[in-house]
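Residue numbers begin at 1 in each chain, while the letters A, B, ... track the order of the sequences.
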Amino acid sequence: MEIPKTYEPGKAEERWYQHWLNKNYFHSTPDEREPYTIVIPPPNVTGVLHMGHMLNNTIQDVLIRRARMLGKNACWVPGTDHASIATEAKVVQKLRQEGIKKSDLTRDEFLKHAFEWKDKHGGIILEQLKKLGASCDWERTHFTMDAEYSDSVIDVFVDLFKKGKVYRGVRMVNWDPEALTAVSDEEVLYKEVNSRLFYVRYKVAGTDDEWLTIATTRPETILGDTAICVNPNDVRYKHLHGKSAIVPLTNREVPIIADEYVEMEFGTGCLKVTPAHDINDYELGKKFNLATIDLFNDNGALNAHGLHYEGKDRFDVRKEIEKELHDKGYLVKTEDHINKVGFSERTNAVIEPKLSLQWFVSMKELAQPALDNVMNGNIQFHPEKFKNTYRHWMENVKDWCISRQLWWGHRIPAWYFGPGANDYVVAKTAEEAQSLAKEKSGKDISISDLKQDEDVLDTWFSSWLWPISVFNGLTRPGNEEIKYYYPTNDLVTAPEIMFFWVARMIIAGYEYLGDLPFKNVYYTGIVRDKLGRKMSKSLGNSPDPIDLIEKYGADGVRVGILISSPAGNDLPFDSSQCEQGRNFTNKVWNAYRLVSAWEVRELEQPKSSVMAIEWFENRFQTVLAEINDLFDKFRISEALMAIYKLVWDDFCSWYLEMIKPGYEQPIDSKTLEATKDFFENLLKLMHPFTPFVAEELWHQLRNRAEGDDIIIAKWPEVKTVNSSVLSKFTIAEEVITNIRNVRKNNNIANKVKLELFVRKNKDVDTAFDSVIVKMGNLSLMEYVSEKVNNANSFIVDGSEYFIPFGDTIDVEAEKEKINEELTYTKGFLKSVQEKLKNERFVAGAPEQVVAVERKKEADALAKIALLEEKLTTLG
RNA sequence: GGGAGUUUAGCUCAGCUGGUUUAGAGCAUCUGCCUUACAAGCAGAGGGUCGGGGGUUCGAAUCCCUCAACUCCCA
């Protein structure tokens, strides 16, 4: 049967994925084995796969597949997140295209549309993950709005409320006037924008013509001013302390207060204070008991406090008020100014700090165990540098605003029974709420009198329970699965969501199960394009992962994306890396083609093959130990590189060439069997990274019994290494490379057999001579006591090697080469000798270090002598 | 404004508590080969004063200080 010259991934991938599914290999149930668990960072339910997912999920699959081979009960839980803001925005947009306004729908009608949308687009991303080869336990697929999951979210809200950790309060929130919702601090992007600084003068009350000038970037908020603030140390304004100023246009009188918060150098050193519309002013307002005047409607237009500007948008008012201030003589001047403005991550609207009644989680106490257990190493971050960032945040943690003015999500289980600020209860159901309300109010209240809070919970308020709720750890406490799978092992995610998600999962873990949610957190980098830009939909610079898989094969893409992505570093992605990955799968494919084509016969095993096998055995063991170590340290791409080199360089370029019989020659069975064993072990190491081609060749290489699949094969065992074999081979390798160089320099074809004479200057091990003869294509290898004239020569490990080829030798070129080597060696010798001449070095450095330097000196001296001798011979 | 991190070959990165490192790998580059496993390949080669400056030390890519550039987080 003709085996194709290049590996064709498409069909094999589909076949093997289906095979794995049929065999139920991805499914896990608790048993007596050690569990190994990963919960997927749930992608947005309506999302599509992008390169960031590819990186993230490939790493998870590598970890889970290796764990499976190590004999652990591997469980990778997949699922999706309802992503309230993003999904609701998409549904609103889709309805708008159909001419339906959200405001025309009831909550139930809107949710019906939303669920339709979710059913249509939801889960596409999970199907895409299958193409990548993700070995998730699909029977465990969860969605953050599934009934039982939602129960756990509501339970936690009620519980935290009972513990006094959830409270309702007026707070300055980041208001998105477009989405008409509060957004969390983390969803605000600060950008530098060119704006203007307006210098406006306020009259000092009780004077005829004394003015003070303030500088502001937001003149439209003047109408909400309730104080002027100066620095108490500012001599320019000392006389004004305790006086009042008249706010332009409104003619309101406001106090002049003094606080060190004001920077004397900024602007004029006078700050206008608008507690309703700036977080710092709000704090000042609290401190000085100032009035707050809220100027804006929810949509960013001015309300009645805005006087004649009522109903106009904040940015229009900025322009108009500038003109009015100017016309009335209040505007002193304007300056160009660069300041940072917050934008909504979702709608890109300018965020308006706004006082609003919201629900909060009080974080300080909850955060403590989460901080401690990362700092003390119970939970490990990879790379560790992220601990610093984490600590900084956790030590300064602020209360978490968890209410969102949206419909898509978990509705807040608070029920209002009256107009008073405290006329509400928190309960899971209307019935419970009713009895609580009766109790609280002392009145007879019917269910229809209760009005449930309109808001939903922040999406992260459900995803922080992910590692617990996918095992129903809250709704069915202490169940078999939560006991078995929790704490999970490794979490693979992006550093951007360290606070949104990672920190909060840790908090929830300690609060609800008294234990960490995972032992290791592996932070991936951001996938960037060649120009270093973050890959994003809006830039259109992100390749479609599915296209890449079709072009290079899933294995090729997996290798391409992992080959240069150390933990925590950004990954500049270029599709040429996938090409490298595809080439790798093809290389292995062809190695198989070679091995499969040999005809076995009962032959004596050549010496060179015996040595090759002994060498590769040891080489494999060495690299295996390295790979295991790299995995333990989460240095995934380095582990991949080690495997890549082991397969390509050691196995294909060296080992197979060493044992390869001549063209159309048979092979002895011992060598063939050993080779197939090696091949199997290599496939095992490859399998986590390139599962498809590994499974394919596993089955091609040998006839397999039912169920003998590489996905559940046993990861190779580490054995002790005979390092002397390795060092002997290194010398043989160097001799062979030198022979090849002689061929190349003299234009001698590979087919032409050469003679090699060796003058040993010390004991030379001859174990690999047969390998040298074969790989160098020698007709003769002989040990001599005299140097050989008219020969190309080289020195390896103190011995001289001669290849007579008098006719073509280029004496000048040869001399030049020797001189170059001589210069280098002399330079090297000099640096070593300088060290050794230094008495303080000899006295101060450890004995071993000095001994090493002495050996370097001796070797260099011997080499120089040989080189100089060669030069004289050449004349 | 506060904090953290990064800076080693054209690119992406190794190089642990300073000493077999006049610095390694992969890719890219260059040269020669279509040698029947693979040109998606083989063989060989070139390429870095380790961001600049200063210091500690017998010895610094590695430790300290300083300057510069870039990145991220927080306000």
Side-chain angles (χ1 to χ4, degrees), chain A residues 3-7 185-186 188 190 263 266 279-280 340 342 383 385-393 395-396 398 495-496 498-499 525-526 528 530 532 552 556 560 563-566 568-574 576-577 579-598 630 633 635 637-638 640-642 644-645 648-649 652-653 656-657 660 663-664 736-745 747 749-751 777 823-832 834-846 848-856 859:
Chain A
I3 306 169
K5 216 168 160 178
T6 47
Y7 172 57
D185 291 344
E186 290 80 4
V188 179
Y190 290 89
E263 280 177 51
F266 185 82
I279 181 68
N280 297 307
K340 286 198 171 175
K385 64 179 180 185
F386 287 113
K387 272 169 89 169
N388 288 332
T389 322
Y390 181 83
R391 180 179 58 209
H392 192 253
W393 194 78
E395 281 175 351
N396 299 289
K398 290 183 294 176
E496 298 115 274
M498 192 190 301
F499 308 122
I526 297 167
R528 299 181 179 276
K530 267 195 268 192
Y552 300 106
I563 197 97
S564 65
S565 63
N569 275 28
D570 285 0
L571 165 64
F573 180 81
D574 184 55
S576 69
Q577 289 161 231
E579 216 172 295
Q580 191 186 352
R582 179 205 54 188
N583 293 356
F584 179 57
T585 57
N586 191 51
K587 181 73 186 174
V588 182
W589 176 259
N590 276 288
Y592 161 70
R593 281 218 307 149
L594 176 67
V595 172
S596 72
W598 290 329
L630 290 168
K633 292 176 177 150
R635 302 176 77 146
S637 48
E638 284 177 64
L640 170 59
M641 184 55 80
Y644 180 93
K645 286 196 280 188
W648 200 310
D649 300 342
C652 294
S653 298
L656 287 179
E657 292 299 331
K660 186 167 150 184
Y663 181 54
E664 291 193 330
I736 293 162
T737 302
N738 270 293
I739 295 170
R740 285 172 177 165
N741 262 325
V742 169
R743 282 187 190 276
K744 165 127 177 165
N745 292 337
N747 264 321
N750 293 327
K751 281 178 266 196
N777 197 20
T823 309
Y824 176 88
T825 315
K826 279 181 173 170
F828 179 75
L829 177 69
K830 202 177 147 208
S831 81
V832 173
E834 257 161 31
K835 249 191 230 181
L836 286 167
K837 257 188 275 173
N838 187 331
E839 278 169 37
R840 297 213 277 172
F841 167 72
V842 180
Q848 225 188 334
V849 175
V850 179
V852 163
E853 292 301 314
R854 290 208 194 284
K855 181 166 187 315
K856 278 204 254 177
D859 288 351

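Spacing of C1' atoms, B/A39 relative to B/U31, comes out at 16 Å, to the nearest Å. The separation of B/C50 from B/U21, taken at their C1' atoms, amounts to 12 Å, rounded to a whole angstrom. Rounded to a whole angstrom, the distance from the C1' atom of B/A61 to that of B/G15 is 8 Å.
Across all their heavy atoms, A/K660 and A/W598 have their closest contact at CA-CZ2, 4.0 Å.
Partners of A/Y552 according to the ring pair (Phe, Tyr, Trp, His ring centres under 6.0 Å) rule, which considers only residues two or more places apart in sequence or in another chain, do not exist here. Residues satisfying the side-chain hydrogen bond (donor to acceptor under 3.5 Å, both in side chains) test with A/K633, not counting sequence neighbours, are A/D629. Residues passing the salt bridge (charged side-chain N to carboxylate O under 4.0 Å, His left out) test with A/R635, sequence neighbours excluded: A/E638.
Note that the OH atom of A/Y644 and the NZ atom of A/K587 stand 10.0 Å from one another [nearest 0.5 Å]. Rounding to the nearest 0.5 angstrom, the gap separating the CD atom in A/Q577 from the CD1 atom in A/I563 is 8.5 Å. Within the model, atoms OG1 of A/T6 and CG of A/N583 stand 11.0 Å from one another, a figure rounded to the nearest 0.5 Å.
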Could you encode protein contacts along nucleotides 5-14 of chain B as a string, one character per nucleotide from 5' to 3', using B for base contact, S for sugar-phosphate-only contact and - for no contact, with a heavy-atom cut-off of under 4.0 Å?
S------SSS
Give the B/S/- string for nucleotides 37-48 of chain B, one per nucleotide from 5' to 3', where a protein heavy atom under 4.0 Å of the base yields B, of only the sugar-phosphate yields S, and otherwise -.
BBSBSSBBS---
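In this structure a side-chain-to-backbone donor-acceptor pair under 3.5 Å is missing from A/N586 to A/R582.
Toward the 5′ end of RNA chain B lies the nearest nucleotide of A/L829, the other residue of the pair A/N747 and A/L829 mapping further downstream. Between A/K826 and A/D649, the residue whose closest nucleotide on RNA chain B is further toward the 5' end is A/K826.
The shortest distance between side-chain heavy atoms of A/L594 and A/N590 does not fall below 4.5 Å. Proximity of A/N777 to A/R743: side-chain heavy atoms (C-beta onward) are separated by under 4.5 Å at one or more points. Using a 4.5 Å heavy-atom threshold, the side chains of A/W589 and A/I3 count as touching.
Helical stems of RNA chain B (runs of at least 3 Watson-Crick or G-U pairs, donor-acceptor distances under 3.5 Å) are listed by first residue: B:1-7 with B:68-74, B:10-13 with B:24-27, B:29-33 with B:41-45, B:51-55 with B:63-67.
Rounded to an integer number of Å, the gap from A/I563 CD1 to B/G26 C1' is 7 Å.
Contact annotation: A/K398 side-chain N/O to B/C74 OP1/OP2 distance is not under 4.0 Å.
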